[in-house]
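The chains referred to below are lettered A, B, ... by the order of the sequence lines, with proteins before strands, and numbering in each begins at 1. None of these values were measured; they are calculated from a predicted model.
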Number of protein chains: 2
Amino acid sequence: MAKQNTVFKDAYNRCLKVLAETSSLPSEPELGQVLGVSRTTVRAILGRFEEAKLITWDKRKKIVLRQPQPEDYFPTEETDSLAEIIERSFMRRILAGGAEPGMQINELELAREIGTGTTSVREFLIRFSRFGLIEKRPNSHWILKGFTREFALELTEVREMFELRSAASFVALPDSHSAWQELNKIEALHREILADIDNRYQEFSELDERFHLLVHKSSSNRFIVDFYDVISIVFHYHYQWNKTNARQRNARALEEHLAYIEALRSHDPKRAEEACRRHLRSARETLLQSIP
Amino acid sequence: MAKQNTVFKDAYNRCLKVLAETSSLPSEPELGQVLGVSRTTVRAILGRFEEAKLITWDKRKKIVLRQPQPEDYFPTEETDSLAEIIERSFMRRILAGGAEPGMQINELELAREIGTGTTSVREFLIRFSRFGLIEKRPNSHWILKGFTREFALELTEVREMFELRSAASFVALPDSHSAWQELNKIEALHREILADIDNRYQEFSELDERFHLLVHKSSSNRFIVDFYDVISIVFHYHYQWNKTNARQRNARALEEHLAYIEALRSHDPKRAEEACRRHLRSARETLLQSIP
DNA sequence: AATCTGTCTATTGTGGATAAAAGACAAATA
DNA sequence: TATTTGTCTTTTATCCACAATAGACAGATT
């Protein structure tokens, strides 16, 4: 087949939720807005809704006939884009499966294992190469450089430079800047999770990304913001992979974040720098401990 | 056709130069080493040499029959890899042709203009996206963010952080490190060019890259070294594009480099930092002046 | 024993084809 | 008049095919 219709399936599932809360659906362009897809896809969804007797559809009248049932949804495996599938599959291989640094990566073999064409794998590898974990030998294979101690040290060195710079920009933001509101929301979530840490400590990973990304964004520098992708993917898979002492580690990080947030709010560059350094130091330790 | 044989043609041309200096060619693996290609390609070259009556070839005996003539070489246009062609063509369009920021980039159109397949253009754009000049809208077009003042400022901000850090590592290198020898060579070239600046000022661009890359490499950080690609490509095309006062600008930069080199050699972090800052400041000015 | 050559296989780089998705435009509707 | 819809065209995402190139291995040569 030429293209997976994952955009359609994912939007279809999300549209089912919209449908569940109303008795008649809005106009096609409006639905497109809500779902983030083009009218072509919206019309395909409406057509399928009609076939499934979920609605009647006559021009502007889209009347809901029944509530969606679990079996109306497409299975979630079918809604992931190919890029996501390849990424997950690849990360599992290089992090979990004992992948030695220096190992060769074979596009064809990877494609066969994942059950996809070579072009998609190739494009993934090109995109992924900016994370510094693989390297291309032209006209030949890719080489896995591996998730090593050196990698972690190089990554954190740059991260520390960038985050210190960003924190310095953050304290200088005017009070009217929307970042302060977002910071308030993030702080509130920190307190909520800390209050029920035993049950909710897994929510830290996502919150961590949200917080640090907010800080990086205040640098207004695309290279700094883009670099956060590297940090993000590393920590994302790292959290999935290494769960020892997760509750305790996360609790500690949450406390550090709170101190860091308070320091940012003080508008005092010195305090912010200090709190930032303290947190980054312990984040680095945590990362390094998980590497053999 | 499926794949250009530019590797073959380029290696063939280089092999002609090897042939010009000897009466019999070495073994296939050795030639492969020298030319940086596989034995398969070496054998293809030898076969073609035989056809062109440049050599006789019988197993290990490869006897040179005549000197290569200019018409034995493949034209240089045919030896550039597709990736190089696409890059040049794309940079010409976005730097020279009044490309407005926000403009859409169309893979198909670009491919047609360059006379190549869409796959190659697509892969180029993915690779190129890390330079921060373009951005992808999934399932839709690319957007040109443009070579703007903001871009230059963001680029130089990161450049300055990285180069200051690298310079600090450089002064700490042990005297036995090979970087000092390379630094000596680079310094000698600086003096040569300065002595004949009116005729040789165009050689600065290449030397500039060589010098700063050496500095960045001493950071031993892949992210810092990789980032130098971004700086490199921007300055490379910038030099080609903006030639006003080139002689004078280059002379000044050469002088600054010499001061910077001397400061590095002093092993004094303070002096190195100061010389580095001074040069980076004027490099930034030069870059900014060339942007409308 | 070490290296080289002949031969064969596997993988990459690139163009082309096609379904999915985006998007343009005029006629229809409120 | 401002949206919305019906219809049509264009572009992207993906697979596949095939030549160029890399690479493996056994037998030949020094």
Under 4.0 Å from OP1 or OP2 of [N]: is there any side-chain N or O of [X] that close?
X        : N      : answer
A:Arg122 : C:dG13 : yes
A:Lys59  : C:dA28 : no
B:Asn139 : C:dA21 : no
A:Thr41  : C:dA22 : yes

Measure from NZ or CZ of B:Arg159 to the centre of the six-membered ring of B:Phe235, then state whether that distance is under 6.0 Å and the direction lies within 45° of the axis. yes
Separation of atom [atom1] in [X] from atom [atom2] in [N], rounded to whole Å:
X        : N      : atom1 : atom2 : result
B:Lys61  : C:dC4  : NZ    : C1'   : 12 Å
A:Glu109 : C:dA10 : CD    : P     : 13 Å
A:Ile105 : C:dT12 : CD1   : C1'   : 14 Å
A:Leu31  : C:dG23 : CG    : C1'   : 17 Å
B:Phe8   : C:dT14 : CZ    : C1'   : 19 Å
A:Gln4   : C:dA19 : CD    : P     : 14 Å
A:Leu125 : C:dG13 : CG    : P     : 11 Å
B:Lys136 : C:dA22 : NZ    : P     : 11 Å

Please determine whether side-chain contact (heavy atoms from CB on, under 4.5 Å) holds for the pair B:Thr22 and B:Leu25, giving the CA-CA distance in whole Å, both sets of side-chain angles, and the decisive distance to 0.1 Å. CA-CA 7 Å; B:Thr22 177; B:Leu25 290 169; 4.2 Å; yes
Indicate, yes or no, whether a donor-acceptor pair under 3.5 Å links the base of C:dG15 to the side chain of B:Thr116. no
Please list, in 5' to 3' order, the outermost nucleotides of DNA chain D lying under 4.0 Å from any heavy atom of chain B. D:dT11 to D:dT29
DNA chain C: 5'-proximal contact among B:Ser140 and B:Ser81 (nearest heavy atom): B:Ser81
With nearest nucleotides of DNA chain C determined for A:Trp142 and B:Thr40 from heavy-atom distances, which residue corresponds to the more 5′ nucleotide?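 By nearest-heavy-atom nucleotide position, the 5'-most residue is B:Thr40.
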Apply the test side-chain contact (heavy atoms from CB on, under 4.5 Å) to residues A:Ile94 and A:Ile134: give CA-CA distance (whole Å), side-chain angles for both, the deciding distance (0.1 Å), then the verdict. CA-CA 10 Å; A:Ile94 73 164; A:Ile134 59 176; 5.8 Å; no
Between B:Tyr73 and B:Tyr12, is the ring centre distance below 6.0 Å? no
Just call it for B:Ser27: base, sugar-phosphate, or nothing, with non-hydrogen atoms closer than 4.0 Å on any strand. sugar-phosphate
Per nearest nucleotide of DNA chain D, the residue lying toward the 5' end, B:Asn106 or B:Asn5, is B:Asn106
Comparing nearest nucleotides in DNA chain D, the 5'-proximal residue of the pair A:Leu82, B:Arg112 is B:Arg112
Apply the test ring pair (Phe, Tyr, Trp, His ring centres under 6.0 Å) to residues A:Phe162 and B:Phe162: give CA-CA distance (whole Å), side-chain angles for both, the deciding distance (0.1 Å), then the verdict. CA-CA 10 Å; A:Phe162 283 176; B:Phe162 282 177; 5.6 Å; yes
To the nearest 0.5 Å, tell me how far A:Gln104 CD sits from A:Glu109 CD.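 CD of A:Glu109 is found 10.0 Å from CD of A:Gln104.
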State, with a plain yes or no, whether a side-chain heavy atom of B:Cys15 is found less than 4.5 Å away from one of B:Phe49.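 A side-chain contact exists here, since the closest heavy-atom pair is under 4.5 Å.
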